[in-house]
**Q** 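Have a look at this one.
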Amino acid sequence: MRHSVIYPFTAIVGQEDMKLALILNVINPSLGGVLIKGEKGTAKSTAVRALADLLPAMETVKDCKFHCDPQDNNQLCGICQESLASHNPLVVQTAKMRVVELPVNATEDRVVGTLDIEYAIKHGEKKFEPGILAQANRNILYVDEINLLDDHVVDVLLDAAAMGVNRVEREGVSYVHPARFVLVGTMNPEEGDIRPQLLDRFGLSVIVSGEHEPDKRVEVIKRRLAYEANPEKFLQLHQEEQERLAQQIIQARQRLSNVSIEDELLTLVAKIAISLEVDGHRADIAVIKTALTLAAFAGRITVTSNDIQEAARLALPHRMRRRPFEEGILDWKKVEALFGDQ
Amino acid sequence: MTAKTVFPFAAVVGQDQIKKALLIAVVNPKVGGVLIAGEKGAAKSTLVRGLSQVIPNRKLIELPLNATEDMVFGSMDMEQAVITGKRQFSHGILAKAHNHILYIDEVNLLQRELSNAILDVAASGIHVVEREGASNSYEAQFTMIGTMNPEEGDLPPQFLDRFGLYVTAAGEKNIKDRVEIVRRILAYEQNPIAFYQKYKRAGEDICQQIAAARKKAKEILISDAMVQLAAQISSQGNCAGHRAELFLLETAKAIAALAGRDELLPMDMQEAAAFVLPHRMRRPSEESKEQHSQKKQQHDQLEQDSFNEEQPQLPDEEQPNANESSQDRGEAPEGKSEGELEKGKRQEDTTIADLLPVGNMALNLQKRQVRQGSGKRTLAKTNTRQGRYVRSCIPTRPVTDLAFDATLRAAAPYQLTRAKSMCCINICREDLRQKVREKRIGTTFLFVVDASGSMGARQRMKAVKGAILSMLQDAYQKRDKVGMIAFRRQTAEILLPVTRSVELAEKSLQHLPTGGKTPLAEGLYTALGVLRTMCRLEKDIEPVMVLVTDGCANTGGRAGQDAVSEALQTALLIGETRVNSLVIDTEQDFIKLGIAVTISRALGGSYYKLDDLSAENIIHIVNGMK
């Protein structure tokens, strides 16, 4: 059953890490998404939907299948670029950020897009029919049980997640379109591994578990019941909080480009990355971007050493795995020792 | 998505070897392209994509992994056919890449069928298309650049050999450089256009350097002495064929030209060798080992400095290149597994000591049959609608998975003569085409491990764990499923039901308790149950049972039979299923009972002694299983 009123984000009990990680990603979509590890029934999908609902509507080009941002000339799709080039101003409309779901059994055609068969038969011409990646542009791409995804679908995701572009050379159509999305994946680690390469594309990772304190468990149920009984009234109860958070996110977005970080902290992050022997540079980049976003969210314009610590906690654990089945344990002591040197 | 939004080539910090290799490849197309292998997040793709800004008169054509055959090689132009009724050929990616650069990201994940065909075209420079009732040929000479992360599996040797140059990528270890990298990325993301402007000059300089070097490279003459040196270097590297020499000379030419010289120097050859040899060197065969070590000494004296890296047999851990080359040929260097070499020192503290070489353990399961399942060990055609659509075919049975594009192309030329209703294209039954999909199928491994007291002698168990672990490591790469059964005291226990999580398998292996008697029959009986269920659930899989035991069955016997004969009977039952078995015998007493051999015969499987395993390569064993 779907309620017309979505469960309010601020009414979710606990799961602070997950909520924070999601918020950071909507403030700064270039963070690279969140991987949520944990059991079923821990409000993962509720939280994602609730957050998208909380956000203010964004500007998009009207009738554009990729919801291009009229303000960002660099990321326009081919059609929007053409109309700009022929001096047709882009018509702007507003739309809510959406949560686009990628089901585990999705076929590749559905994900990347394919030949529009109906059009081809009717008109004898080739036309590209956009897929899930097109829908996901500038939205949230939610992949439940991402570890069970077919390998070849993962390959596609890898590329799109890294480049923000979907390149299609299939079934008679050749097409390129922007595909920048906040990737949110969930997995239950007991059901199988996730490829290290895909793991590395995720900016942040969090672990969720059911609440264990009886009081909180009771609170979870109480709120759920209250919501089911009367969603509108329940939403009203949380309206104020919701608006406050929305404002906070908007302000953080504006502040983000002004946040600065001292060289000492940059060096600290490099030291952490080297001492933890992470692969490549995505770890450093993720930690620093997360720290900048954390500062912006907290209303500051300088990054503190606490921000770095918090960011490391969110951005590093899933990058610690070196061998396929080595447990990815973040040696926090190593990190703390480096902070101690500061 | 315009060129301006690509991270500039000139702004990449460090990675000088990769940059150099890329420059060489664009200066002299004859060097045969570049393969960049390395860990994730080390700017491999960034550099290649950035290259497009700095090369004069050339484009970077990208080949996405999921491209279908018709798009790669070209196909009939459907739109034209509908209008004119004529079969006109429209070019594919390879034709577009003619005289340009073809870039394949994650090249090791490309469908084998495609990669083989691409190789053929790359080798001949011309492609003849015979499809959809039309024949066509076009030129396709391109410089191929590939990037890959070896963690995800390796490239077949014939593909590897095709790339002229090979470089490995790793993250910067210098703190200052790391900081600078982050700083530049932040600046780039904040304002790509301004960032691009900032590095525009540097990019233009590189562009000019390339243009100048291209001219120069054409003028460079190769002296006989250099040819001799090339031959010498290649034979010392024990390279197959003569491609190495040619690539060496061409690469050296580009290096000299980039340095602004118009003649080749020995040092150019040395530098070239570092790019050209790593992936072609083979381990000399056992017989020629001595000879080789003599050669090696000579060689070391000859070229003391920069060649060390290419010596195939130096056990030094600083040599991922040498490792890669031998590993990709399916021969792991002595006593070292790929994992060990790659991860170097990190592994020293692992609790399991003897990791055995696995490398390219490819199970020779039957030819490509129609199968289900997911994984990477075998590439198979699938008849479910899962898997990657590779190409289309004329259906022999009722169409279950219609290939619309191919169907439309088949129907298009007849549209002028066919009666039309509402639609522009009228499709008849004979136009229908079926999709051919390819999917990687993993194998299911069931480990049946003897955990009795007789195995408990510490070293034995350690060796066993080592052997299993190395199989698990390989299983991970190939997306295999694994399960584990241990038997000790009176019972057999399913430690791990069949799962894709190799992680869990490793954990249960670590915590394997030992001690007690050997209920071999019970172990096999439990395995039989699991295997039967497995075969019933998934019709197309052929599970592999790996039985590790010393064969000293001394308890069990359900119906009062003696332990050994009961075990044999159960083994016979397993032998009747379509399970492939592998018995690893751990018996080491002076007087051998040889029960494990008998069991393995009953299973109809292959038999190995643990002691042989440590010396021999598991690859051959598993290959030999069929």
Side-chain angles (χ1 to χ4, degrees), chain A residues 30 74-76 105 107-109 112 115 117 120-126 150-152 155-156 158-159 162 165 167-172 174 176 178 189-193 195-197 200 257 263 266-267 269-271 273-274 277-285 288-289 322-325 327, chain B residues 1-2 5 39-43 62 64-68 70-71 75 78-79 82 93 105-106 109 149 151-152 171 173 175 178-179 181-183 185-186 189-190 192 339 343 346 374 376 385-389 404-405 408 415 423-425 440 472-473 476-477 479 499-504 506:
Chain A
S30 79
N74 269 318
Q75 317 286 346
L76 291 179
N105 58 3
T107 58
E108 202 171 356
D109 325 359
V112 300
L115 175 72
I117 302 139
I121 291 182
K122 274 194 181 144
H123 304 278
E125 282 165 31
K126 290 190 287 194
D150 264 336
D151 261 7
H152 61 279
D155 293 343
V156 173
L158 282 179
D159 211 36
V165 170
R167 208 175 284 277
V168 187
E169 293 285 353
R170 293 169 61 80
E171 312 187 38
S174 175
V176 181
E190 299 199 344
E191 284 168 358
D193 300 297
R195 276 162 63 184
Q197 198 135 12
D200 196 44
S257 59
D263 283 1
L266 287 175
T267 312
V269 173
K271 276 187 194 156
I274 291 173
E277 297 179 53
V278 291
D279 266 3
H281 296 275
R282 286 207 182 91
D284 315 30
I285 297 164
I288 287 167
K289 279 204 218 166
R322 297 192 194 108
R323 296 221 323 279
F325 35 80
E327 258 190 273
Chain B
M1 273 192 288
T2 50
T5 56
E39 60 188 37
K40 45 201 182 287
E62 256 188 79
L65 280 186
N66 59 358
T68 51
D70 59 313
M71 299 307 289
S75 64
M78 185 265 288
E79 292 169 4
V82 171
I93 296 174
D105 195 12
E106 313 285 356
L109 302 180
N149 178 358
E151 223 176 21
E152 299 277 319
K173 294 286 174 270
I175 291 180
R178 275 194 101 98
V179 169
I181 288 168
V182 173
R183 227 186 248 132
I185 286 173
L186 290 179
E189 288 191 351
Q190 194 142 65
K343 300 305 175 201
R346 292 175 194 159
S374 71
K376 284 180 140 179
R385 296 186 57 177
Q386 291 285 315
R388 179 168 282 158
Y389 168 35
F404 296 103
D405 55 324
L408 286 177
Q415 297 311 311
C423 300
C424 177
I425 297 186
R440 290 178 171 176
L472 284 181
Q473 202 156 29
Y476 167 76
Q477 275 199 351
R479 299 281 179 279
T499 166
R500 270 195 50 188
S501 174
V502 179
E503 228 169 279
L504 290 179
E506 197 259 351

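Keep in mind the model is a prediction, meaning the values are calculated, not measured.
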**Q** State whether the side chain of B:Q190 and the backbone N or O of A:S257 hold a donor-acceptor pair below 3.5 Å, judged by distance alone.
**A**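 Present.
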**Q** What part of B:I185 gets closer than 4.5 Å to chain A, counting heavy atoms only: side chain, backbone, both or neither?
**A**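 Side chain of B:I185 only, per the 4.5 Å heavy-atom cut-off to chain A.
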**Q** Is there side-chain contact between A:R170 and B:N66, with heavy atoms separated by less than 4.5 Å?
**A**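 Sidechains of B:N66 and A:R170: in contact.
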**Q** Is there side-chain contact between A:L266 and B:V182, with at least one heavy-atom pair below 4.5 Å?
**A**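 Side chain of A:L266 against side chain of B:V182, heavy atoms only: contact under 4.5 Å found.
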**Q** Which atoms of A:I288 are under 4.5 Å from chain B, going by heavy atoms: the side chain, the backbone, both sets, or neither?
**A**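 Answer is side chain: those atoms of A:I288 sit under 4.5 Å from chain B.
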**Q** Where do A:E171 and B:M71 come nearest, in terms of heavy atoms and distance?
**A**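 Where A:E171 meets B:M71 most closely, the heavy atoms are N-CG, 4.1 Å.
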**Q** Chain B heavy atoms under 4.5 Å from A:H281: which part of the residue, side chain, backbone, both or neither?
**A**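 Both backbone and side chain.
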**Q** Can you name the salt bridge (charged side-chain N to carboxylate O under 4.0 Å, His left out) partners of B:D105, sequence neighbours left out?
**A**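 With sequence neighbours excluded, B:D105 shows a salt bridge (charged side-chain N to carboxylate O under 4.0 Å, His left out) to B:R49, given in chain and number order.
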**Q** For a quick test of reading the model, state the closest non-hydrogen atom pair linking A:D200 to B:G41 and the distance between them.
**A**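 So the two residues come closest at OD2-N, 4.2 Å.
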**Q** With the threshold set at 4.0 Å, does a side-chain nitrogen-carboxylate oxygen contact exist between B:R178 and A:D284?
**A**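 Here B:R178 pairs with A:D284 in a salt bridge, since their nearest N and O are under 4.0 Å apart.
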**Q** Could you report the tightest heavy-atom contact between B:V179 and A:A270, atom names first, then the distance?
**A**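 Heavy-atom minimum between the residues: CG2-CB, 3.9 Å.
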**Q** Please name the pair of heavy atoms, one in A:S30 and one in B:E189, separated by the smallest distance, quoted to 0.1 Å.
**A**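 The answer is OG-OE1, 3.5 Å.
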**Q** If I take atom CG from residue A:D155 and atom CG from residue B:L109, how far apart are they, to the nearest 0.5 angstrom?
**A**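 Result: 5.0 Å between the selected atoms.
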**Q** A side-chain contact here means heavy atoms from C-beta on lying under 4.5 Å apart; do B:L408 and A:I121 qualify?
**A**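 B:L408 reaches A:I121 side chain to side chain.
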**Q** Under 4.5 Å, counting heavy-atom pairs only, tell me which of A:H123, A:K126, A:K289 racks up the most with chain B.
**A**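 Top count of heavy-atom pairs under 4.5 Å with chain B: A:K126.
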**Q** Would B:R183 and A:D263 pass as an ion pair if we require N to O under 4.0 Å?
**A**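 Yes, charged N to carboxylate O under 4.0 Å.
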**Q** Any heavy-atom pair between the side chains of B:I93 and A:E169 that's under 4.5 Å?
**A**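 Yes, their side chains come closer than 4.5 Å.
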**Q** Please rank A:L115, A:D159, A:I274, A:I285 by heavy-atom pairs under 4.5 Å with chain B and give me the top one.
**A**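 Top option by heavy-atom pairs under 4.5 Å: A:I274.
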**Q** Taking side chain as everything from C-beta outward and backbone as N, CA, C, O, which of these in A:V112 sits under 4.5 Å from a heavy atom of chain B? Side chain, backbone, both or neither.
**A**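 For A:V112, the contact with chain B is made by the side chain alone.
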